There are 2 protein chains.
Amino acid sequence: MNHKFRCACPITSALDILGDKWILVIIKQMLIEDKRTFKDFTESDEAIATNILSSKLKCLEEFDIITKKQLPDNKKTNLYLLTEKGLALTPIIVELSIWSDENVRALNSIMRDSPEIEVLKSDKNAFIKMIIDTYKVKTENLI
Amino acid sequence: MNHKFRCACPITSALDILGDKWILVIIKQMLIEDKRTFKDFTESDEAIATNILSSKLKCLEEFDIITKKQLPDNKKTNLYLLTEKGLALTPIIVELSIWSDENVRALNSIMRDSPEIEVLKSDKNAFIKMIIDTYKVKTENLI
DNA sequence: AATATTGCTTGCAAATTGAAAGTAATTATA
DNA sequence: TATAATTACTTTCAATTTGCAAGCAATATT
């Protein structure tokens, strides 16, 4: 797979990787919903089809945003984990959640509350660090 | 047009609107490349097709992220301008540019330099405010 | 009055997405 | 140990989206 970039713009180039319906949803599921296995993802609210999931995971792996690992005591279940490059997407996820809370809520009647949003807004950097640290603690003993 | 949201997650709902190849590219072009007219967009480096542009602009208008205005002395040329809801996407654009500078540059050999990136990183909030204020100054006298 | 420009729309081919079913390897259960 | 269930996919095919090219109507320019 050799990805093509549209032009020399850094923002457009980021969107050449992240700009689709599923990539950032998968990152979010890994980062804050503890999704780690193929099955975890298929069971999520977003209900991604297995063929799409398979191709997107492959793509994320090629960009080194995630890595695929095996548990030492289980040859069947693969673990998909965020790399540093993937964890560096946390600020984008955080900004998406703020914008959504303020601008999309009114359009989606079933949108769930974000009780932590005020804490988040009061100190974004601390919140981002907390999410990343929590992820690392949760995953460091898995492999 | 009645948009469908995948689920109750605020982040996924944001991506139901923003998660595609073109939407955030168009926002970026308006916000920092002074693109305002249909022609402006078609002449950009990203070279969007006119039918796609037309449908995306319509979509952005329906979500109240942009507004379409006419110059009083020109009945042909339409101006597309960001609303407050659209300007509130600036932090997302800024985070995309930081992530890209640090993580995509190595993959895209033709990516242009971002000389302002260090200024940006040293005070994100000030940079975001500057972008928004500059946009408002540039556009307030157009209509 | 003739030409060029702007802002689209239409038609069609190519690519992507998605639902459903199938498969192979591994693990759990009777 | 045999059977069933689970996981992680792949395949097939239909539906949707994207993209190129051409066309067109209204307005602006020469």
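Chain letters run A, B, ... following the sequence lines, proteins first, then strands; residues in each count from 1. Because the structure is a prediction, the values reported are computed rather than measured. Keep in mind that the numbers below use all heavy atoms, side chains included, and drop hydrogens, waters and symmetry copies.
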Does [X] have a side-chain nitrogen or oxygen under 4.0 Å from the phosphate oxygens OP1 or OP2 of [N]?
X        : N       : value
Lys58(B) : dG7(C)  : no
Lys21(A) : dT16(D) : no
Lys56(B) : dT18(D) : yes
Asn74(A) : dT27(C) : yes
Thr50(A) : dC9(D)  : no
Lys39(B) : dT6(C)  : yes
Thr77(A) : dT7(D)  : no

Specify the separation, in whole Å, of atom [atom1] of [X] and atom [atom2] of [N].
X        : N       : atom1 : atom2 : result
Tyr80(A) : dA8(D)  : OH    : P     : 7 Å
Leu53(A) : dT7(D)  : CG    : P     : 14 Å
Lys76(A) : dT23(C) : NZ    : P     : 18 Å
Leu79(B) : dT6(C)  : CG    : P     : 13 Å
Glu46(B) : dC20(D) : CD    : P     : 13 Å
Lys75(A) : dT7(D)  : NZ    : C1'   : 15 Å
Trp22(B) : dT16(C) : CH2   : C1'   : 16 Å
Lys35(A) : dT7(D)  : NZ    : C1'   : 16 Å

How long is the span from the CD1 atom in Ile128(B) to the CG atom in Leu120(B), to the nearest 0.5 Å?
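Rounded to the nearest 0.5 Å, the CD1-CG separation comes out at 7.5 Å.
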
Under a 3.5 Å distance rule, please check whether Asn103(B) uses its side chain to pair with a backbone N or O of Ile98(B) as donor and acceptor.
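Side chain of Asn103(B) to backbone of Ile98(B): no pair is present.
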
Between Glu43(B) and Ser55(B), who's closer to the 5' end of DNA chain C by nearest nucleotide?
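It is Glu43(B) whose nearest nucleotide is closer to the 5' end.
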
Does any non-hydrogen side-chain atom of Lys28(A) lie less than 4.5 Å from one of Cys9(B)?
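Yes. Closest side-chain heavy atoms under 4.5 Å.
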
Contact class for Asn51(A) (heavy atom, under 4.0 Å): base, sugar-phosphate, or nothing?
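Asn51(A): base contact, heavy atoms under 4.0 Å.
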
Check every strand shown and say whether Thr42(B) touches a base, only sugar-phosphate, or nothing at a heavy-atom separation below 4.0 Å.
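Thr42(B): no heavy atom of the nucleic acid under 4.0 Å.
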
Pair Thr37(A)-Asp40(A), side-chain donor/acceptor within less than 3.5 Å:
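Yes.
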
We want to know whether Thr83(B) and Asp64(B) form a side-chain donor-acceptor pair, criterion being a heavy-atom distance below 3.5 angstrom.
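Distance-only check fails for Thr83(B) and Asp64(B).
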
Nearest to side-chain heavy atoms of Ile52(A), which nucleotide of dG7(C), dA25(C), dT17(C)
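So the nucleotide nearest the side chain must be dT17(C).
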
